[in-house]
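Here is the structure we will look at, set down as structure tokens.
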Amino acid sequence: MLPHKVIGSKLHAAVRAVLPDADLAPVLVRPCPDPRFGDYQTAGLMGLAKQRKLNPRQVATDVRAHLELSELCEKIEIAGAGFLNFHLRPEAVARAVTEALTDDRLFLEPAVPPRTIVVDFSSPNVAKPMHVGHIRSTILGDCLARALRRLGHRVITDNHLGDWGTQFGMLLVGWKRELNRVALQTDPIAEMERLYQKTSAACKTDAAILEAARQELVKLQAGDAENLALWREMIALSQGQFDTIYGRLGVTFDHTLGESFYNPQLPGLVAELAAKGIARESDGAQAIFFDDIPSLKTTPALVRKSDGGFNYTTTDLATLAYRMATWQPDEVIYVTDGRQQLHFQQLFAAFRKWQPGHLGLKLAHVWFGSILGEDGKPFKTRSGETIKLADLLDEAEERALRVVTEKNPDLAEAARREIARVVGIGAVKYADLLPNRQSDYVFSWDKMLSLSGNTAPYLQYAYARIRSIFRKAAESAGGPPRPVPLQLRTAEETTLAKHLLNFGIVLEAVAEEYRPNYLCNYLYELAGHFTRFYEHCPVLKAAAAERASRLALCDAAGRVLRQGLEVLGIEVLEQM
RNA sequence: GCGCCCGUAGCUCAGUUGGAUAGAGCAUCUGCCUUCUAAGCAGAGGGUCCCGCGUUCGAAUCGCGGCGGGCGUACCA
């Protein structure tokens with residue numbers, strides 16, 4: 001068991017002995033904010049003392065008297081207003097690292113019990129290019145799914161494509177009147193986008209075109225064979241684009257059930273809501289009112305428009321019901337931008353009214369801020385167009401290739417291109433995951449690709465240096481490294497080893513709060529601790545026992561770096 | 001009008017149940033490559049955490065009131 005887990009369980013037992021009726025939930029063991037205080041601390045005893053009007057330092061003293069941790073800790077201090085600070089024995093740290101290397105758990109303990117979690121993210125629109133607006137949902141959602149999986153949960157990812165809606169009326173008009181077959185073969189998305197934009201513009205000035213679009217839409221919705229076939233072709237062409245982009249990003253989905261999948265259920269769903277008195281007629285539409293929820297009182301949700309069409313609340317309700325019936329999840333996570341907060345409040349409230357039985361179900365809207373240009377306005381190209389994701393990834397790789405070529409001109413071109421791919425894509429992802437997700441962030445090519453500071457390449461570089469040591473170790477007379485008990489002789493080794501112990505704590509926090517930036521910062525610190533160790537502690541030139549110990553430490557650091565980056569969806573390289 | 005979010009170093013941003021002397025990157029300045037990859041390391045300077053009041057042993061964090069900005073607010077998603 002990991003040291004902080006042992007400390008936690010013994011601490012709880014000690015608190016129970018001192019204050020039998022105390023709530024143990026706030027008595028948490030956390031890494032100390034400053035190593036001078038110790039390795040782990042709890043601030044929770046002060047809260048307990050406060051509730052009971054006891055002297056907090058006295059409570060800490062009493063609790064400490066019930067703690068038997070001499071194997072793990074060299075001392076347990078009472079500090080400040082009533083902190084309990086735990087100082088690990090170096091042997092205990094060394095033992096924990098060695099143990100972590102002998103199995104695959106690697107400083108993690110699997111979640112008990114594992115939960116079933118649906119993650120809904122990315123959700124691009126058919127017949128349109130994926131653009132920067134999709135990047136955060138895609139990268140963040142993929143990362144959260146990876147983190148939850150790594151912790152042992154059963155994760156189901158579902159890409160809720162925008163494959164239905166009024167835009168298809170215009171697309172069908174454009175397709176039938178002006179389709180350029182050659183252009184469609186060369187770049188289907190660009191051609192469909194052109195058709196849409198041209199027809200959309202024409203609709204604004206020409207009532208006949210607008211009417212034509214309306215009629216094509218009605219035909220499609222009525223199941224007209226020709227329009228359905230064209231619509232399916234548009235989806236297939238779009239899916240090709242999605243596959244290409246997801247392939248480049250290393251993002252996968254278990255299911256791709258777009259909005260259209262739920263169409264057949266919508267009329268019955270609205271009828272049921274109306275029959276149960278959950279929805280009622282209002283200005284010709286069917287609306288759900290939330291009179292019992294103060295924050296939603298003035299904002300009803302429409303489930304059917306006055307023209308008979310359905311809204312995304314309707315589709316999302318059907319989608320959620322399907323997910324509950326199909327997978328019985330404990331939790332459903334939606335990763336979208338913050339502007340949809342009201343929608344998800346309404347959706348969750350409406351679903352609880354409609355299907356009140358799912359008591360343990362957790363519904364989470366994991367929202368994120370906007371990507372801004374350097375002028376502080378929504379991120380666009382100079383000419384004011386949205387930036388296509390494919391172009392963005394191309395440019396990232398091109399810029400990375402220039403840097404690789406400059407740093408490492410002797411490598412073969414194929415090798416440089418592969419490094420540039422991993423570095424470029426990694427840089428884009430890391431730039432998106434590093435800021436607090438709720439902040440708007442300013443997109444900067446230079447910063448993202450500067451390849452210095454707190455960036456993906458810094459982490460990848462640290463990993464490549466570790467791998468380089470192992471290549472050299474295999475060549476040298478010492479032979480291949482074997483796991484050995486660690487000897488932590490220097491401050492750099494001890495700091496690095498202690499940092500490794502906290503990988504699981506950080507991953508749990510990422511999953512708990514849906515914040516990958518915690519992991520980014522942890523890995524950045526890890527890379528820093530490793531690099532300082534690397535600068536100060538020779539590995540291959542050390543004497544036999546120390547060499548073996550340091551190799552084992554490198555191995556542990558490398559594995560945590562690789563697995564941590566894997567959770568972020570970022571690849572590593574053997575050589576940079 | 002109402003609701004949500006934001007305001008922290010010159011710039012861009014972190015800041016885990018309220019917790020100890022508020023951190024990082026960039027930029028600026030000073031050192032370090034005959035030694036496992038210098039895409040690196042060591043060090044320096046830089047703060048009215050928007051303002052005020054309050055709660056608390058303790059507030060960047062919680063409450064109230066301002067100021068400034070972003071977004072949302074019934075038939076788009």
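Quick note on labels: first sequence line is chain A, next is B, and so on, each numbered from 1. No hydrogens, no waters, no symmetry mates; every other heavy atom, side chains included, goes into these values. In this text the structure is predicted, and so the values were computed from the model without any measurement.
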In whole angstrom, give me the gap between the [atom1] atoms of [N] and [M].
N      : M      : atom1 : result
U61(B) : C5(B)  : C1'   : 15 Å
U55(B) : A44(B) : C1'   : 40 Å
C4(B)  : G65(B) : P     : 12 Å
C36(B) : C41(B) : C1'   : 15 Å
C26(B) : G52(B) : C1'   : 34 Å
U21(B) : C13(B) : P     : 28 Å
C62(B) : G19(B) : P     : 10 Å
A9(B)  : A27(B) : C1'   : 12 Å

[N] [atom2] sits how many Å from [X] [atom1], rounded?
X         : N      : atom1 : atom2 : result
Arg30(A)  : A20(B) : CZ    : P     : 12 Å
Leu347(A) : A74(B) : CG    : P     : 17 Å
Leu411(A) : A39(B) : CG    : C1'   : 13 Å
Tyr312(A) : C76(B) : OH    : P     : 11 Å
Asp440(A) : G7(B)  : CG    : P     : 11 Å
Gln341(A) : C5(B)  : CD    : P     : 7 Å
Tyr430(A) : A14(B) : OH    : P     : 13 Å
Asp34(A)  : G19(B) : CG    : P     : 15 Å

With a 3.5 Å cut-off and heavy atoms only, can you find an N or O donor on one side and an acceptor on the other between the side chain of [X] and the base of [N]?
X         : N      : answer
Lys50(A)  : G58(B) : yes
Asp316(A) : A77(B) : no
Arg36(A)  : U21(B) : yes

Contact nearer the 5' end of RNA chain B, comparing Gly165(A) with Pro300(A):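 So the residue in question is Pro300(A).
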
RNA chain B: 5'-proximal contact among Val404(A) and Thr42(A) (nearest heavy atom):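 Checking each residue's closest nucleotide, the 5'-ward one belongs to Thr42(A).
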
Identify which nucleotide among [options] has an atom closest to any side-chain atom of [X], counting heavy atoms from C-beta outward.
X         : options                : value
Leu342(A) : U73(B), A39(B), A74(B) : U73(B)
Tyr458(A) : C41(B), C36(B), U16(B) : C41(B)
Ala509(A) : U16(B), A14(B), C36(B) : U16(B)
Phe289(A) : A74(B), U56(B), U73(B) : A74(B)
Val442(A) : U37(B), G40(B), U12(B) : U12(B)
Ser282(A) : A74(B), A39(B), G72(B) : A74(B)
Asn521(A) : A14(B), A74(B), A38(B) : A14(B)
Asn311(A) : A77(B), A20(B), U16(B) : A77(B)
Glu259(A) : A77(B), G15(B), A20(B) : A77(B)
Thr531(A) : C13(B), G19(B), C41(B) : C41(B)

Would you mind pulling out the nucleotide paired to [N], Watson-Crick or G-U wobble, both distances under 3.5 Å?
N      : answer
C62(B) : G54(B)
G40(B) : C32(B)
G25(B) : C11(B)
G45(B) : none
G72(B) : C2(B)

Report yes if some heavy atom in the side chain of [X] is under 4.5 Å from a heavy atom in the side chain of [Y]; otherwise report no.
X         : Y         : answer
Arg471(A) : Ser468(A) : yes
Val423(A) : Leu573(A) : yes
Val270(A) : Leu266(A) : no
Arg136(A) : Ile371(A) : yes

May I ask you to say what [X] touches in the nucleic acid, namely base, sugar-phosphate or nothing, with a heavy-atom cut-off under 4.0 Å?
X         : value
Glu512(A) : nothing
Asp307(A) : nothing
Arg57(A)  : nothing
Lys541(A) : sugar-phosphate
Cys537(A) : base

Pro129(A) to Glu193(A) - nearest heavy-atom pair and separation: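 Shortest heavy-atom separation between Pro129(A) and Glu193(A) comes out as CG-OE2, 3.6 Å.
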
Minimal non-hydrogen separation, Val539(A) against Arg547(A), with atom names: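 Scanning both residues completely, I find the closest heavy atoms to be O-CG, 3.4 Å.
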
Flag as yes if [X] stacks onto the base of [N] (centroids under 5.5 Å, planes under 30°), otherwise no.
X         : N      : value
Tyr534(A) : G40(B) : no
Tyr441(A) : C13(B) : no
Phe37(A)  : A20(B) : yes

Geometric cation-pi criterion, Arg280(A) with Phe289(A): 6.0 Å, 45°: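 Arg280(A) over Phe289(A) ring: yes.
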
Anti versus syn assignment for C67(B), with syn defined as within 90° of 0: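 Glycosidic conformation of C67(B): anti.
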
Sub-6.0 Å ring centroid separation between Tyr334(A) and Phe344(A):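 Ring-ring flag for Tyr334(A)/Phe344(A): true, centres closer than 6.0 Å.
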
Test item: side-chain donor near acceptor, Gln58(A) and Asp62(A), under 3.5 Å: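 Yes - a donor-acceptor pair under 3.5 Å links their side chains.
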
